[in-house]
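Take a look at the structure set out below.
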Amino acid sequence: MAQLTGKLALVTGASSGIGECIARALAAEGARVVLAARRRDKLERLGAELPGSETIELDVRDPQAVAHALRARPFDLAIPNAGLALGIDPVQKGSPADWSEMIDTNIKGVLHVLRAVTPGMIERKRGDIVLIGSVAGRQAYPGGNVYCATKAAVRSLYESLRYDLHDTGIRVSTVDPGMVRTPFSAVRFKGDGERASKVYAGVDYLLPEDIADIVRFVVTRPARVNIGEVVVWSKDQLSAVQVARRL
Ligand SMILES: NC(=O)c1ccc[n+]([C@@H]2O[C@H](COP(=O)([O-])OP(=O)(O)OC[C@H]3O[C@@H](n4cnc5c(N)ncnc54)[C@H](OP(=O)(O)O)[C@@H]3O)[C@@H](O)[C@H]2O)c1
């Protein structure tokens, strides 16, 4: 039986990859899902497949736009998944514009969403928040500098949120994936598909559906259960830098 019937869920970054799959998984459990991201065409295509869903064209970097779009809605679940990596240069060659975009999206974007949805959840004395961190927040890798730092910030934010929201009825979790095959690497390499494919070459990588299934599991536990941190590796990935490849 569907376990999220009647619940309202927010998924940011629902236009692609992990967010799209989370939206599908929550909708399959009966939730009405608010799909948020910048690319309206992709959101609308997904929205047409998910009964009861709604699409919001939203840039999570804009605090006013986020507050305006989300504050008044009675969300039961919020998955602030929108995020990205840009470039893989060492700091001495890095692009400050890329750093700003990662920091503004991966850290401040998550904060903007949390600021908008948590007061209502506290008032209603219930809610589920699942952050999407990364193993990159636990182990740095060459050229990962700012992306790794943003995901370490997400992990720290998770720990802090547990204090902020303790005894409010809200459960907070973080799901931290290793290598998942999505457009993530194509975004990192700014559309260089060949370079992006090399990241996954010869690896039995995770699929975005795997992460969505774990998020679905986390939010469908009995009310007394709060799964805290879930670190998810593909069987082939030993660490942020050690991956078995069959080439
Ligand atoms: N793939 C991996 O290996 C991996 C591993 C660990 C963690 N993660 C994390 O998983 C999350 C999803 O990544 P993914 O792999 O699914 O990559 P993806 O397919 O590129 O999806 C990223 C999503 O974030 C949205 N987004 C980016 N900037 C945004 C902004 N300013 N405002 C609103 N939405 C924005 C994008 O939508 P628009 O472009 O339409 O706005 C897109 O829907 C990220 O937080 C990422 O750090 C990924």
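Since we're looking at a predicted model, the values are computed, not measured. Just follow the structure's listing: the first ligand is 1, and inside any ligand the first atom is 1.
For Lys42, the closest heavy-atom approach to ligand 1 does not fall below 4.0 Å. Under the 4.0 angstrom criterion for non-hydrogen atoms, Glu20 is not in contact with ligand 1.
At the top of the distance list for atom 19 (O) of ligand 1, counting protein heavy atoms only, stands Ser16 OG, 2.5 Å. The protein heavy atom nearest to atom 45 (O) of ligand 1 is Asn81 O, 2.8 Å. Protein heavy atom nearest atom 34 (N) of ligand 1, with residue, atom name and distance: Ala82 CB, 3.5 Å. Protein heavy atom at the shortest distance from atom 14 (P) of ligand 1 is Thr182 OG1, 3.5 Å. Protein heavy atom at the shortest distance from atom 23 (C) of ligand 1 is Gly13 CA, 3.7 Å. In this structure, atom 27 (C) of ligand 1 lies nearest to the protein heavy atom Arg38 NH2, 3.4 Å. Of all protein heavy atoms, the one closest to atom 32 (N) of ligand 1 is Val60 N, 3.0 Å. When hydrogens are left out, the protein atom nearest atom 42 (C) of ligand 1 is Ser15 OG, 3.6 Å; that is the closest non-hydrogen contact.
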* Asked: Given the rule in the salt bridge (charged side-chain N to carboxylate O under 4.0 Å, His left out) test, do Lys7 and Glu29 qualify, once you have shown the distances and angles that lead to the verdict?
  -> CA-CA 10 Å; Lys7 305 262 188 197; Glu29 284 290 350; over 6 Å; no
* Carefully, step by step, assess Asp236 and Ser234 under the rule side chain to side chain donor-acceptor pair (under 3.5 Å). => CA-CA 5 Å; Asp236 281 349; Ser234 79; 5.4 Å; no
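Under a 4.0 Å criterion applied to the non-hydrogen atoms of Asp59, ligand 1 contributes the atoms 30 (C), 31 (N), 32 (N). Residue-ligand proximity, Ile132 to ligand 1, at heavy-atom distances under 4.0 Å covers atoms 9 (C), 10 (O). Here is the list of ligand 1 atoms found below 4.0 Å of a heavy atom in Gly133: 6 (C), 7 (C). Which parts of ligand 1 touch Leu58 is read off a 4.0 Å heavy-atom cut-off, strictly below it: atoms 32 (N), 33 (C). For ligand 1, the atoms closer than 4.0 angstrom to any heavy atom of Tyr147 are 7 (C), 8 (N), 46 (C), 47 (O). For ligand 1, the atoms lying closer than 4.0 Å to a non-hydrogen atom of Gly17 are 16 (O), 19 (O). Those atoms of ligand 1 with a heavy atom of Ile18 less than 4.0 angstrom away are 10 (O), 15 (O), 16 (O), 48 (C). Residue Met179 has at least one heavy-atom neighbour below 4.0 Å for each of these atoms of ligand 1: 3 (O).
Counting heavy atoms from C-beta on, the side chains of His112 and Val60 never come closer than 4.5 Å.
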Show the atom names and distances, to 0.1 Å, of all donor-acceptor pairs under 3.5 Å that link a side chain in residues 146-154 to residues at least two apart or in another chain.
residue : atom : partner : partner atom : Å
Thr150  : OG1  : Asn106  : ND2          : 3.1
Thr150  : OG1  : Tyr147  : O            : 2.7
Lys151  : NZ   : Ile132  : O            : 2.8

Please tabulate, one pair per line, all N/O donor-acceptor pairs under 3.5 Å involving side-chain atoms of residues 199-212, not counting sequence neighbours.
residue : atom : partner : partner atom : Å
Tyr200  : OH   : Val180  : O            : 3.4
Tyr200  : OH   : Ser185  : OG           : 2.9
Asp210  : OD2  : Leu207  : N            : 2.8

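A side-chain donor-acceptor contact under 3.5 Å links Arg171 to the backbone of Val225.
None of Arg195, Lys198, Glu194 except one satisfies the side chain to side chain contact (heavy atoms under 4.5 Å, CB included) rule with Phe189; the exception is Arg195.
The nearest non-hydrogen atom to atom 2 (C) of ligand 1, considering only Thr12, Leu131, Val180, Val199, comes from Val180. For atom 5 (C) of ligand 1, the nearest non-hydrogen atom from the set Pro183, Ala23, Ser134, Gly178 comes from Gly178.
Between Arg24 and Glu49, at least one side-chain nitrogen of the basic residue sits less than 4.0 Å from a carboxylate oxygen of the acidic one, meeting the salt-bridge criterion.
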